[in-house]
**Student:** 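Sharing a structure here in structure tokens format.
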Amino acid sequence: MISKKVDSVSKALEGVKDNMTFMLGGFGLCGIPENSIAELVKRNVKRLTCISNNAGVDDFGLGLLLQKHQIKKMVSSYVGENDEFERQMLSGELEVELIPQGTLAERCRAAQVGLPAVYTPAGFGTEVAEGKETREFDGKMYVLEHAFKADFAFVKAWKGDEAGNLIFKGTARNFNPIMCGAAKVTVVEVEELLPAGELDPNQIHIPGIFVQRIFQGEKFEKRIEQRTVRNKK
Amino acid sequence: MISKKVDSVSKALEGVKDNMTFMLGGFGLCGIPENSIAELVKRNVKRLTCISNNAGVDDFGLGLLLQKHQIKKMVSSYVGENDEFERQMLSGELEVELIPQGTLAERCRAAQVGLPAVYTPAGFGTEVAEGKETREFDGKMYVLEHAFKADFAFVKAWKGDEAGNLIFKGTARNFNPIMCGAAKVTVVEVEELLPAGELDPNQIHIPGIFVQRIFQGEKFEKRIEQRTVRNKK
Amino acid sequence: MSLTKQQIAQRIAKEVKDGYYVNLGIGIPTLVANYVREDISVEFQSENGVLGMGPFPFEGEEDADIINAGKQTITTLPGASFFDSSLSFGMIRGQHVDLTILGAMEVAQNGDIANWKIPGKMVKGMGGAMDLVSSAENIIVAMMHTNRAGKSKLLKECSLPLTGVQCVKKIVSNLAVLEVTPEGFLLLERAPGVSVEEIQAATEGKLIVNGDIPEMVV
Amino acid sequence: MSLTKQQIAQRIAKEVKDGYYVNLGIGIPTLVANYVREDISVEFQSENGVLGMGPFPFEGEEDADIINAGKQTITTLPGASFFDSSLSFGMIRGQHVDLTILGAMEVAQNGDIANWKIPGKMVKGMGGAMDLVSSAENIIVAMMHTNRAGKSKLLKECSLPLTGVQCVKKIVSNLAVLEVTPEGFLLLERAPGVSVEEIQAATEGKLIVNGDIPEMVV
């Protein structure tokens with residue numbers, strides 16, 4: 001067994017530098033790498049390019065990096081619910097590339113599995129396809145989208161083992177599995193870090209080969225963005 | 001819950017016809033849809049095109065269809081260990097398209113997820129790439145390979161529920177998950193068919209949306225091709 | 001009288017057939033789930049990675065790890081499954097989802113749709129909408145027929161940046177049910193008490209009226 | 001004296017480093033697992049969908065659902081995982097597997113390899129070999145230096161249909177260890193008691209001999 005375990009978030013983030021490109025898992029605030037984000041804030045690395053479906057809210061998630069002006073460019077599919085983001089974008093401080101969510105997902109996966117590019121119908125005929133190669137297959141039009149290139153992927157999983165094997169929970173899975181191995185270094189924070197052999201090999205969502213470093217997160221706030229409930233009968 | 005359950009292999013295979021293209025899961029004899037194959041033999045459908053990593057052995061798996069000359073063309077990555085196959089191929093009775101195993105896998109997945117084609121480095125510079133588009137990305141050469149088109153996919157899973165959700169076991173997983181939803185109709189045989197709600201939503205390998213029909217297999221022989229053991233100390 | 005948002009959802013619910021997998025967008029589409037007939041089997045997919053969504057959780061039972069694409073806490077029903085974003089859009093792109101219901105700011109008579117951007121004003125992003133509209137065989141748009149200024153949102157050509165081209169098949173607005181045909185918006189049903197003339201006046205794009213147009217039943 | 005197949009495997013095992021994920025082909029490569037140092041951490045991947053392979057099962061404990069790419073019954077070690085063929089080749093294509101060891105019928109001095117087909121004779125197919133050789137950064141070939149007729153298998157150009165182009169980095173044969181360089185086969189080590197002249201005689205492709213060539217230690 002090849003151990004991927006590191007003892008602290010600080011060790012897990014060794015090597016992060018200004019001007020790097022990061023991938024960050026999560027959908028809204030669900031399944032985001034909270035501990036790694038906190039450490040990035042602490043380290044105050046600057047001029048980052050962040051690939052993440054959303055940009056957090058003003059005071060949580062990637063919003064924390066935005067508040068400190070650490071992000072130069074965001075690559076996302078949806079960036080609402082964040083006033084500071086909107087301010088920085090409209091003022092031109094922040095560069096933003098908006099891409100379809102499925103394209104974001106497939107460009108992550110392409111990087112993970114060594115495919116250079118994919119043809120997707122999403123965005124054909126829209127400004128998303130401007131300047132990109134388009135092509136017809138079987139009478140339908142597709143846009144060529146390239147695999148992402150990133151320095152670090154920050155991932156949040158539910159359970160993990162020392163070998164780096166991961167299990168995600170519910171919709172906190174989202175982009176996390178497909179970012180594993182899609183960057184030069186994949187750093188995973190888990191709620192529960194187990195010895196190798198404790199996870200059923202059949203139930204592993206992502207094998208440890210896609211992970212370079214895994215650590216037990218100190219604290220998971222798991223903030224809820226839209227608390228919707230129904231009344232008990 | 002949308003039920004995919006059918007009561008018998010015979011109902012599960014309704015609509016199979018001569019000249020159709022089938023995908024069949026399995027690697028060697030591991031994880032093959034034994035019950036569906038037996039039913040195909042019984043129905044004696046002819047001139048089939050079969051997409052499957054291997055072609056079975058003389059008296060099991062796809063070998064049973066070969067014995068009855070039901071297969072017109074095989075699309076596989078490896079077809080050793082089958083004398084009847086070799087005889088039919090060398091005599092020209094059987095058409096054979098050999099493609100790299102990873103290409104086979106990705107062409108299945110492409111069909112499953114609506115990607116028209118993929119660029120893979122496998123086979124570049126070899127006869128596999130003859131007549132195909134090749135292209136450079138970042139200094140490396142790739143071959144364009146198209147998504148498969150098939151009428152039926154026959155899949156073997158370990159556990160399934162009435163909603164069509166599937167869990168595979170060990171290396172019997174192989175091509176089975178990526179063939180689900182890659183054909184017009186996906187037929188799954190399982191060792192254990194459970195009511196919806198019995199499987200943990202987090203542990204499902206393939207959601208039921210990719211499956212049209214599911215049935216409990218009557219019998220699974222699960223033949224071992226190479227029984228290798230070590231002595232007890 | 002023009003329909004309320006609830007009534008638009010109610011009318012769209014009639015388009016949901018037994019055995020359908022359905023993706024519901026944010027806003028009016030989300031309400032559709034409340035009106036689907038109980039004697040048919042339908043499963044709701046949310047592109048953030050869940051199939052088999054159920055109602056909101058009871059108070060105190062919310063799970064931050066189980067949300068829908070609107071980031072609302074949800075529950076799952078028996079037969080549900082979770083999956084990653086790649087497989088989720090695989091379901092969508094692979095046309096395994098039978099029906100997509102989403103909102104629109106503008107629809108053109110050729111089926112073009114705009115619903116993600118108002119240049120210089122609204123820049124939230126397209127989320128999964130471009131994937132959905134470019135892939136789905138069956139797209140119903142839930143929308144108000146006109147904007148607050150009374151200007152038509154069913155146009156000859158969209159003025160806003162497009163989300164997708166020639167993809168909308170049907171529209172249920174507060175005034176009418178319309179089919180998008182190669183010739184233009186074919187009027188199928190009127191909201192109760194709304195006249196063809198009123199619909200015509202609210203429709204900038206080409207409206208096709210063939211014979212008597214029935215009132216919709218909601 | 002030329003190496004046995006076991007000794008070739010033993011020599012190759014020295015190339016396996018701590019922390020490596022390794023894919024072993026069928027034949028001599030499979031034997032490599034037996035000789036890897038026990039004080040380093042290595043995981044074996046098999047392209048049919050398992051990472052963390054262990055030894056063969058004890059008699060009576062074979063599981064038909066747990067096999068390797070050679071279709072042999074196997075076991076798994078703590079930390080193992082199972083996955084589908086798409087993710088498996090994703091590991092390979094995405095260069096997450098650190099070392100690929102496979103057999104060859106011919107290798108050319110530019111690194112081309114042929115190991116899947118003898119026209120009109122052997123038509124078993126390439127299996128995963130084309131994916132492996134086109135993706136791996138680090139490929140070691142385990143082979144006999146000559147065929148049964150004594151003809152060299154290390155050639156100027158391959159005569160058989162290729163499996164991959166310019167991909168082989170290192171060869172461990174029964175006679176020598178060689179590196180594939182832009183100039184040709186660079187001789188690194190001799191099998192014990194085998195002379196440079198013998199190796200030269202068995203090598204049709206360009207052999208580069210720089211200075212004294214040490215005997216290999218197995």
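Since we're looking at a predicted model, the values are computed, not measured. Chain letters run A, B, ... following the sequence lines, proteins first, then strands; residues in each count from 1.
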**Student:** Does a side chain donor of either A:Q226 or C:T73 reach within less than 3.5 Å of an acceptor in the other side chain?
**Tutor:** no

**Student:** Within the 4.5 Å heavy-atom criterion, are A:E191 and C:D65 side-chain neighbours or not?
**Tutor:** yes

**Student:** If you count heavy-atom pairs under 4.5 Å between each of C:G127, C:G125, C:P161, C:G60 and chain A, which one has the most?
**Tutor:** C:G127

**Student:** Below 4.5 Å from any heavy atom of chain C, which atoms of A:N54 appear? Answer side chain, backbone, both or neither.
**Tutor:** side chain

**Student:** Verify side-chain contact (heavy atoms from CB on, under 4.5 Å) between A:V229 and C:F58, making sure each step is shown before the conclusion.
**Tutor:** CA-CA 5 Å; A:V229 296; C:F58 290 120; over 6 Å; no

**Student:** Hey, which of A:V96, A:L104, A:N176, A:V79 has the most heavy atom pairs under 4.5 Å with chain C?
**Tutor:** A:V79

**Student:** At a 4.5 Å cut-off on heavy atoms, which part of C:N68 comes close to chain A: side chain, backbone, both, or neither?
**Tutor:** backbone

**Student:** Return yes when atom CD of A:E218 has more than 12 non-hydrogen atoms of other residues, nucleotides or ligands closer than 6.0 Å, and no otherwise.
**Tutor:** no

**Student:** Heavy-atom pairs under 4.5 Å with chain C are the metric here; pick the option from A:I99, A:N53, A:T103 that has the most.
**Tutor:** A:I99

**Student:** Among A:T228, A:T171, A:N174, find the one that has a side-chain contact (heavy atoms from CB on, under 4.5 Å) with C:I67.
**Tutor:** A:T171

**Student:** Does C:D84 come within less than 4.0 Å of A:R173, counting only side-chain N to carboxylate O?
**Tutor:** no

**Student:** So with a 6.0 Å cut-off around NZ of C:K169, is the heavy-atom count from everything else above 12?
**Tutor:** yes

**Student:** Determine the option with the most heavy-atom pairs under 4.5 angstrom with chain C, choosing from A:G102, A:G28, A:P177.
**Tutor:** A:G102

**Student:** Chain A contacts: which residues in residues 89-101 of chain C have a non-hydrogen atom closer than 4.5 Å to it?
**Tutor:** C:F89, C:R93, C:Q95

**Student:** From the options C:E59, C:E62, C:Q72, select the one residue that forms a side chain to side chain donor-acceptor pair (under 3.5 Å) with A:R227.
**Tutor:** C:E62

**Student:** I'd like to check A:K169 versus C:D63 (side-chain heavy atoms, cut-off strictly below 4.5 Å). Are they in contact?
**Tutor:** yes

**Student:** Under a 4.5 Å cut-off applied to non-hydrogen side-chain atoms, are A:V128 and C:M126 in contact?
**Tutor:** yes

**Student:** Considering non-hydrogen atoms only, spot the tightest contact between A:K140 and C:S135 and give its length.
**Tutor:** NZ-CA, 3.9 Å

**Student:** Is it the case that C:K71 places NZ or CZ above or below the six-membered ring of A:F27, under 6.0 angstrom from the centre and within 45 degrees of the axis?
**Tutor:** yes

**Student:** Could you grab the distance from atom CD of A:E106 to atom OG of C:S85, nearest 0.5 Å is fine?
**Tutor:** 10.5 Å

**Student:** Please check if atom NZ in C:K5 has more than 12 non-hydrogen atoms from other residues, nucleotides or ligands closer than 6.0 Å.
**Tutor:** no

**Student:** Can you name the closest pair of heavy atoms from C:S86 and A:I178 and give their distance?
**Tutor:** CB-CG2, 3.7 Å

**Student:** Distance from C:Q166 atom CD to A:M141 atom CE, nearest 0.5 Å?
**Tutor:** 11.5 Å

**Student:** Taking the side chain as everything from C-beta on, heavy atoms only, tell me whether A:E127 gets closer than 4.5 Å to C:W116.
**Tutor:** yes

**Student:** Counting only heavy atoms not in A:D138, do more than 12 sit closer than 6.0 Å to its CG atom?
**Tutor:** no

**Student:** With a 4.5 Å cut-off on heavy-atom pairs, point out which of C:G70, C:P55, C:A114, C:S134 contacts chain A the most.
**Tutor:** C:S134

**Student:** Please determine, among A:G125, A:G123, A:P100, the option with the most heavy-atom pairs under 4.5 Å with chain C.
**Tutor:** A:P100

**Student:** What I'd like to find out is whether the side chain of C:K124 reaches to under 4.5 Å of the side chain of A:E81, using heavy atoms alone.
**Tutor:** yes

**Student:** What do you reckon, is CD of A:E221 surrounded by more than 12 foreign heavy atoms closer than 6.0 Å?
**Tutor:** yes

**Student:** Go through C:A129, C:A69, C:G49, C:S46 and name the one with the most non-hydrogen pairs under 4.5 angstrom from chain A.
**Tutor:** C:A69

**Student:** Quick one: which of C:S81, C:G128, C:S88, C:A80 has the most heavy-atom pairs under 4.5 Å with chain A, could you say?
**Tutor:** C:G128

